Amino acid sequence: EAFYAITGYTVYTYWSSGQHPLVQNQTVTEGGTANMTCRVEYNDQTSLQWSNPAQQTLFFGDKKALRDNRIELVRASWSELTISISEVTLADEGMYTCSLFTMPVKTAKAYLTVLGVPEMPEIDGLTKPALEGDEITLTCMTHGSKPAADLRWFRNEKEIKGAKEVNASGKTFTVTSSLQLLVDRDDDGAAYTCKVDHVALLQTPQQATEVLEVHYAPRVVITNSLTFPQEGQYLKLECVSKGNPSPDPVMWTKDGGELPDLERMIVEGRELTFTTLNKTDNGTYRCEASNHLGTSSAEYLLYVYDPNAMGQHGPDHALIGGVVAVVVFVTLCLIIVLGRYLARHKGTYLTNEAKGADDAPDADTAIINAEGNTHAEEKKEYFI
């Protein structure tokens, strides 16, 4: 509703207090597009205007006032003025003002927040290759975030904790996260990933990954194909060695010297094969593996059984027989001890009952006569 006052030939218009521009704060990612809308519920042909944080007029109604190709008119009417700002930068952030040119002028302010997109993270401090036992520090860094980004560490998809540091750089932040490691052989081939968490990266997460290469001295174990090797059988021993660099080739010896019979003892890679076992093969076999970080060895004591002496399943029957013998012996011992215990208590009872039994008509009277008249009542009450 408008009120008019006429003085001479000038007409002044005054608007009711219900006429007021309405705006909303906006948040946009750097490089995106911001739409700034100003609405008026009741307006009688009064112009609307948008101005930037520097109080420069952007649009007055449908008329563009500032030469900036990024700023365009979306909608202009008596009840709404909407403009768009494309390719938003951090410099566009601030308080924007919508003005309604009544008497007096009414304004509304909307804050435009611009999110700084963090750059792709980088991981530094990785030594290739690392040595087992080394202490290394991995550092992940990302620039340009606003607000400050969060950095998270993962080892093979399992999250681990790092030490975070945030430094301001103008309107944006540089975020660093450090991870201290005591390198172990289990870290060889492990993937360490640094992920960036930020409100501007909801759909496009950023991360960097480094795979550790760890060099370590070998470790050796010997496996065998037979539990109880017998004369005439085929036997294979394998030297299982794990090291980085790979400890190839391995070396086989017998009783501290060279293998005696290379026609029956065949070495292929890590394997030692006996084509036909005999008693002369008995002894201690040693496998040794080396790389530039160290040497490791393992031993296997070979005893070749006589198939005629032990039978087809001699070792198994011998083991079972031994267990059965132990069980039987323990059972007999228990029976003997229990029998002696019962016999001893039974003899005591018969001895007490026999005392005075010659003149007693029954067992109770015999016990009373044997113990004397002083405890007769007690003995009688016990047996009743």
Side-chain angles (χ1 to χ4, degrees), residues 1-118 144-150 166 168-173 197-204:
E1 181 180 358
F3 299 91
Y4 301 95
I6 302 176
T7 304
Y9 296 99
T10 305
V11 178
Y12 298 94
T13 305
Y14 302 92
W15 297 92
S16 66
S17 59
Q19 193 177 20
H20 198 281
L22 303 175
V23 296
Q24 287 185 338
N25 295 333
Q26 299 294 322
T27 300
V28 63
T29 301
E30 185 179 12
T33 299
N35 289 322
M36 310 295 295
T37 298
C38 180
R39 291 188 176 91
V40 180
E41 293 183 1
Y42 307 103
N43 189 6
D44 186 10
Q45 297 183 355
T46 302
S47 297
L48 292 169
Q49 171 186 291
W50 270 114
S51 55
N52 63 16
Q55 296 303 312
Q56 296 172 314
T57 300
L58 304 179
F59 269 88
F60 184 82
D62 60 356
K63 301 296 189 296
K64 187 174 184 178
L66 184 66
R67 293 182 178 180
D68 189 334
N69 295 332
R70 300 179 304 124
I71 303 175
E72 296 180 353
L73 179 66
V74 177
R75 181 187 299 274
S77 66
W78 296 117
S79 61
E80 178 183 338
L81 178 60
T82 300
I83 63 173
S84 68
I85 306 173
S86 60
E87 299 178 7
V88 173
T89 67
L90 295 176
D92 294 321
E93 183 174 87
M95 193 73 74
Y96 287 74
T97 304
C98 176
S99 303
L100 176 65
F101 283 87
T102 58
M103 293 294 292
V105 176
K106 296 181 178 180
T107 61
K109 296 184 181 295
Y111 197 88
L112 175 62
T113 301
V114 180
L115 302 177
V117 181
S145 59
K146 178 180 170 295
D150 189 24
V166 179
S169 179
K171 291 186 176 182
T172 63
F173 297 89
D197 281 348
H198 194 264
V199 64
L201 299 174
L202 296 180
Q203 297 181 349
T204 56

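Scope of the values below: all heavy atoms of this structure, side chains included, with no hydrogens, waters or symmetry mates. All of these numbers come straight from a predicted model, not from anything done at the bench.
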> Does the pair Lys171 and Glu93 meet the rule for a salt bridge (Lys or Arg N to Asp or Glu O under 4.0 Å), with working shown?
CA-CA 10 Å; Lys171 291 186 176 182; Glu93 183 174 87; 5.3 Å; no

> With sequence neighbours excluded, give me every disulfide bond (SG atoms under 2.5 Å apart) pair touching residues 56-88.
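The answer is none; no pair qualifies.
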
> Would you list the atom pairs, donor with acceptor, under 3.5 Å between side chains in residues 53-65 and any protein atom, with sequence neighbours excluded?
residue: Gln56; atom: OE1; partner: Asn52; partner atom: ND2; Å: 2.8
residue: Lys64; atom: NZ; partner: Asp68; partner atom: O; Å: 2.8
residue: Lys64; atom: NZ; partner: Ile71; partner atom: O; Å: 3.0

> Please report the interatomic distance CE(Met103) to OG1(Thr46), rounded to the nearest 0.5 Å.
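The CE atom of Met103 sits 11.0 Å away from the OG1 atom of Thr46.
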
> Nearest 0.5 Å, what's the CG-OG distance between Asp197 and Ser145?
11.5 Å

> To the nearest 0.5 Å, what is the distance between OG (Ser84) and CZ (Arg70)?
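The distance works out to 10.5 Å.
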
> According to the salt bridge (Lys or Arg N to Asp or Glu O under 4.0 Å) rule, which pairs have a member within residues 108-118, sequence neighbours left out?
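Pairs touching residues 108-118 that pass the test: none.
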
> Return each pair, listed once, that meets side-chain hydrogen bond (donor to acceptor under 3.5 Å, both in side chains) where at least one residue sits in residues 25-35; pairs must be two or more places apart or across chains.
none

> Side chains of Thr89 and Val114: closer than 4.5 Å at any heavy-atom pair?
no

> Within the side chain of His198, is there an N or O that forms a donor-acceptor pair under 3.5 Å with the backbone of Pro147?
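Side chain of His198 to backbone of Pro147: a pair is present.
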
> Is there a side-chain contact between Tyr96 and Ile83, using heavy atoms and a 4.5 Å cut-off?
no

> Minimum heavy-atom separation for Ser79 and Leu48, please, with both atom names.
C-CD1, 4.2 Å

> Looking at Tyr42, is its backbone amide N or carbonyl O close enough to the side chain of Gln19 to form a donor-acceptor pair, meaning the two atoms are under 3.5 Å apart?
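Judged by distance alone, yes, a pair lies under 3.5 Å.
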
> Determine yes or no for a side-chain-to-main-chain donor-acceptor pair under 3.5 angstrom, with Trp50 supplying the side chain and Leu81 the backbone.
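Pair found, side chain donor or acceptor close to backbone of Leu81.
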
> Listed by chain and number, what are the side-chain contact (heavy atoms from CB on, under 4.5 Å) partners of Ser99, not counting sequence neighbours?
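Scan of Ser99 (side-chain contact (heavy atoms from CB on, under 4.5 Å), adjacent residues dropped) gives Gln49, Thr97, Phe101, Val105, Thr107.
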
> Do Val40 and Lys106 make a side-chain contact, defined as non-hydrogen atoms from C-beta onward lying under 4.5 Å apart?
no

> Under the salt bridge (Lys or Arg N to Asp or Glu O under 4.0 Å) rule, what pairs show up with a residue in residues 77-87, not counting sequence neighbours?
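As it turns out, the salt bridge (Lys or Arg N to Asp or Glu O under 4.0 Å) pairs with a partner in residues 77-87, which skip direct neighbours, are Arg39-Glu80, Arg75-Glu80.
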
> So how far is it from Thr172 OG1 to Leu115 CG, rounded to the nearest 0.5 Å?
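Between atom OG1 of Thr172 and atom CG of Leu115 there are 12.5 Å.
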
